[in-house]
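Please read the structure below before turning to the comments.
Just the heavy atoms: all of them, side chains too, but no hydrogens, waters or symmetry mates, feed the values below. The structure displayed is predicted, hence computed values, not measured ones.
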Amino acid sequence: MKLPMKVAAAAIGTPSLFPCCNFAHLPASTSLSLSPRLPASIFSPLLIPISGRKKLFLRAENLDCESVEQMDLKKEFPELKKDLYPSIEPYCTGFLKVSDLHTIYWEQSGNPNGRPVVFFHGGPGGGTSPNNRRFFDPVFYQIILFDQRGAGKSKPHACLEENTTWDLVGDIEKLREHLKIPEWQVFGGSWGSTLALAYSISHPDKVTGIILRGIFLLRKKEIDWFYEGGAAAIYPDVWEPFRDLIPEEERKCFVKAYHKRLNSDTLETQYAAARAWTKWEMMTSHLLPNEENIKRGDDDDFSLAFARIENHYFINKGFFSSDSFLLDNVEKIKHIKTIIVQGRYDVCCPMMSAWDLHKAWPEAEFIVVPGAGHSANEPGIAAELVAANEKLKNVLEGVS
């Protein structure tokens, strides 16, 4: 991490501080700028009064050696890692019965004695994947992933009964208690950001920090943008197959038209609608086409859960009491350290929602990734998500 500062100093009388380095005296900037976060006392050993109008600074010609001051700065302001961590396997998995009907899959990886972090997947209905573990330092974090009701390995598959936002919030608390975790960091993107906000608002005392990506507040204008023709202005070629599955007389509301088909008595009708719904989202979730992601739309098992559960939540307005429920309740979580990561060219969850959240919650750090769309797997977004976890890790360690 580059520090926002310029330091002018002289080599006069200082060689003993750098026994393994040779120095050349070069002209330097006449200005000295310190970040307001950095106390001037940090630099006092390096700043030596100089007579005359010119100032000099040190240049280490042997880069194998660092000054004590440089090492101290690196310790206090460590450079943030931005690469995904290596793939790991869970050390513990299980199923938790959360109601008479539903059983959810969960897993733990990383450090069993580490700081707990829970991952909320997207969709709803998307399920988790092994790659989700790679955003977190496995030495520092106890990483908890789970599949929400009806998704992934949870049973019954693609089930809409007893499946609401507030059922999921209740499940998260049951899982926390089952794993005997007093409190944890929350991480969610897309629908996962919606659920992370809803959970944190309901249980702020159980949340140590929040990382959000691809903000989705589940408001009418967001649903209309993506499912009623707004995003078609950018992806008309991808929109037409989604549109053409529905007869013209039913196109006044695509969410309702798909709801009818996704809940048909005929399984093949459900599959056809699920494939069209899923492919529309998979083909628009990256700034540049991602063939691996697009192929998920051909998987009937995945598509059915993904499309049915998404549509179920959207037609029911997220089961929120008002269109602006999440924004109206941000006040309850403003004290929690939070980082928001948003792709500038996110078509699925356009930046208008992240911007609205930022304005309502200026205390949260807001990061816009200029060359990215929606997916957490886009390089720029993945890098900022890893860095965000590193920032919260440093806060917990008392480094910054």
Side-chain angles (χ1 to χ4, degrees), residues 1-2 74-91 106-122 126 128-146 172 175-176 179 181-197 199-200 204 206-215 333 335-343 354 357-358 361 363-369 372 374-400:
M1 180 172 66
K2 294 182 179 180
K74 284 191 173 183
K75 184 176 180 181
E76 185 165 354
F77 301 98
E79 186 173 349
L80 292 173
K81 175 181 171 63
K82 288 196 171 185
D83 296 326
L84 290 169
Y85 281 93
S87 298
I88 56 172
E89 293 299 317
Y91 63 79
W106 59 268
E107 64 172 54
Q108 291 175 295
S109 59
N111 183 353
N113 299 311
R115 294 278 189 165
V117 59
V118 60
F119 180 95
F120 297 163
H121 67 68
T128 56
S129 67
N131 201 55
N132 300 149
R133 307 169 195 140
R134 299 183 62 196
F135 295 112
F136 311 97
D137 180 350
V139 175
F140 182 83
Y141 282 111
Q142 176 189 3
I143 306 161
I144 299 103
L145 273 58
F146 73 99
I172 296 164
L175 179 60
R176 184 187 62 77
L179 298 177
I181 294 172
E183 56 185 12
W184 48 14
Q185 181 178 314
V186 167
F187 182 108
S190 194
W191 155 256
S193 74
T194 320
L195 184 59
L197 288 168
Y199 172 77
S200 300
K206 307 304 181 187
V207 179
T208 59
I210 305 171
I211 294 176
L212 305 172
R213 186 268 310 168
I215 301 303
I333 53 175
H335 64 286
I336 301 173
K337 175 67 176 178
T338 299
I339 302 172
I340 300 166
V341 177
Q342 177 69 34
L357 182 61
H358 167 62
W361 194 359
E363 295 85 355
E365 184 175 352
F366 183 48
I367 299 169
V368 176
V369 184
H374 179 68
S375 175
N377 296 320
E378 295 211 27
I381 292 180
E384 291 299 340
L385 291 174
V386 172
N389 279 315
E390 295 296 298
K391 288 179 186 177
L392 291 195
K393 183 176 79 174
N394 290 341
V395 169
L396 290 169
E397 289 181 323
V399 174
S400 61

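Between atom CD1 of residue Ile210 and atom OH of residue Tyr199 there is a gap of 10.5 Å, rounded to the nearest 0.5 Å. Separation of atoms CZ (Phe366) and CD1 (Ile215) is listed at 8.0 Å; rounding is to 0.5 Å. Atoms CZ and NE2, from Arg213 and His374 in turn, are 4.5 Å apart once rounded to the nearest 0.5 Å. Atom OG of Ser193 and atom CG of Leu357 lie 8.0 Å apart (nearest 0.5 Å). Rounding to the nearest 0.5 angstrom, the gap separating the NZ atom in Lys82 from the CG atom in Leu84 is 12.5 Å. Taking CD of Glu397 as the start and CD of Glu390 as the end, the distance is 8.5 Å to the nearest 0.5 Å.
Between Ser87 and Arg134, the shortest heavy-atom contact is OG-CD, 3.7 Å. Heavy atoms only, all atoms of each residue included: Gly209 and Ile336 are closest at CA-CG2, 3.7 Å. The heavy-atom pair separating Pro116 from Ile144 by the smallest distance is CB-CD1, 4.1 Å. Among all heavy-atom pairs drawn from Glu89 and Arg133, the shortest one is CA-NH1, 4.0 Å. The two residues His335 and Pro204 make their nearest non-hydrogen contact at CE1-CB, 4.2 Å. Closest of all the heavy-atom pairs between Ile381 and Ser375 is CD1-O, 3.5 Å.
Arg115 has its side chain out of reach of Lys393: every pair of non-hydrogen atoms, C-beta onward, lies at least 4.5 Å apart. Side-chain atoms of Phe120 and Ile172, non-hydrogen and from C-beta on, do get closer than 4.5 Å to each other. Contact check for Val341 versus Leu212: no side-chain heavy atoms found under the 4.5 Å cut-off. Looking at heavy atoms from C-beta onward, Leu392 lies in side-chain contact with Ile211 at the 4.5 angstrom threshold. Contact of the Gln108 side chain with the Ile143 side chain is not registered, since no non-hydrogen atoms from C-beta on lie closer than 4.5 Å. The closest side-chain heavy-atom distance from Gln142 to Val117 is not below 4.5 Å.
In this model, no donor atom of one side chain and acceptor atom of the other lie less than 3.5 Å apart for Asp137 and Asn389. Side chains of Gln185 and Tyr141: a donor-acceptor N/O pair is present below 3.5 angstrom, by distance only.
Distance alone, capped at 3.5 Å, places no donor-acceptor pair between the Ser200 side chain and the Leu197 backbone.
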What verdict does the side-chain contact (heavy atoms from CB on, under 4.5 Å) test give for Ile339 and Lys391, after you've listed the backbone C-alpha separation in whole Å, the side-chain angles of each residue and the deciding distance to 0.1 Å? CA-CA 9 Å; Ile339 302 172; Lys391 288 179 186 177; 3.9 Å; yes
Trace of the side-chain contact (heavy atoms from CB on, under 4.5 Å) decision for Glu365 with Ile340: CA-CA 6 Å; Glu365 184 175 352; Ile340 300 166; over 6 Å; no
Kindly indicate, with the supporting measurements, whether the criterion side-chain contact (heavy atoms from CB on, under 4.5 Å) is fulfilled by Lys81 and Val386. CA-CA 7 Å; Lys81 175 181 171 63; Val386 172; 4.2 Å; yes
Could you check Phe146 against Thr128 for side-chain contact (heavy atoms from CB on, under 4.5 Å), going step by step and ending with a plain yes or no? CA-CA 7 Å; Phe146 73 99; Thr128 56; 5.9 Å; no
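Phe135 is linked by a ring pair (Phe, Tyr, Trp, His ring centres under 6.0 Å) to Phe187, counting only residues two or more places apart in sequence or in another chain. Looking at residues two or more places apart in sequence or on another chain, you find no ring pair (Phe, Tyr, Trp, His ring centres under 6.0 Å) involving Phe140. The ring pair (Phe, Tyr, Trp, His ring centres under 6.0 Å) test applied to Trp106 returns His178, not counting sequence neighbours.
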